[in-house]
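I have placed the structure first, in the form of structure tokens, so that the comments after it can refer back to it.
The basis for the numbers below is simple: all heavy atoms, side chains too, and nothing from hydrogens, waters or symmetry mates.
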Amino acid sequence: MKHNWDYECGPVTCKASDVLKHGTGYCYAKSHLLAALLRANGIPAGLCYQRLTISDDGDGPSFFLHGLNALYLEHHG
């Protein structure tokens with residue numbers, strides 16, 4: 001799956017089905033797809049979000065949202 005920022009492409013997706021349909025998404029959207037795929041295969045999974053600083057100079061946005069996954073593997077925790 002392409003990352004919107006890296007490939008300078010769209011559309012901007014959010015739902016797992018849209019990421020799959022369009023083959024692109026920001027990290028949080030791709031995390032939604034991974035969680036859906038893991039859950040569909042019986043692996044408990046959740047979404048984690050991280051707010052990261054990108055600028056302190058007052059020009060443009062100061063933060064961006066990063067998406068991650070958490071999952072539970074029975075033999076590993």
Side-chain angles (χ1 to χ4, degrees):
M1 298 293 151
K2 294 179 180 176
H3 190 278
N4 287 77
W5 181 266
D6 294 339
Y7 287 87
E8 298 178 359
C9 63
V12 175
T13 56
C14 189
K15 296 188 308 184
S17 59
D18 288 343
V19 175
L20 194 57
K21 177 180 175 181
H22 298 287
T24 187
Y26 286 102
C27 54
Y28 58 85
K30 295 192 308 181
S31 293
H32 296 168
L33 175 58
L34 180 56
L37 292 171
L38 289 166
R39 291 171 181 173
N41 285 282
I43 300 171
L47 302 166
C48 305
Y49 298 99
Q50 189 176 27
R51 184 178 167 184
L52 300 172
T53 302
I54 58 172
S55 174
D56 286 330
D57 60 11
D59 293 330
S62 299
F63 300 95
F64 71 95
L65 181 67
H66 183 59
L68 306 155
N69 292 93
L71 60 130
Y72 177 79
L73 299 174
E74 187 173 337
H75 298 290
H76 301 283

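The shortest heavy-atom contact between Thr24 and His3 is OG1-C, 4.3 Å. Taking each heavy atom of Tyr28 and Thr13 in turn, the nearest pair found is CE1-O, 4.1 Å. In terms of heavy atoms, Tyr49 sits closest to Gly67 at CD2-CA, 4.3 Å. Considering every non-hydrogen atom in both Ser31 and Leu68, the closest pair reads OG-N, 3.5 Å.
Placement of Leu47 and Leu65 within a single hydrophobic cluster is found when ILVMFWY residues are connected by side-chain heavy-atom separations under 4.5 Å, directly or transitively. Linking ILVMFWY residues whenever their side-chain heavy atoms come closer than 4.5 Å, directly or via other members, leaves Leu37 and Leu73 in distinct clusters.
Atoms CG and NZ, from Leu20 and Lys30 in turn, are 13.0 Å apart once rounded to the nearest 0.5 Å. Rounded to the nearest 0.5 Å, atoms CG (Leu38) and CG (Leu71) are 5.5 Å apart. Annotation: the span from Leu52 atom CG to Phe63 atom CZ amounts to 9.5 Å, rounded to 0.5 Å.
At least one side-chain heavy atom of Met1 sits less than 4.5 Å from a side-chain heavy atom of Val19.
Using the six-membered ring where Trp is involved, His66 and Phe64 have ring planes that are perpendicular, over 60° apart on the 30 and 60° scheme.
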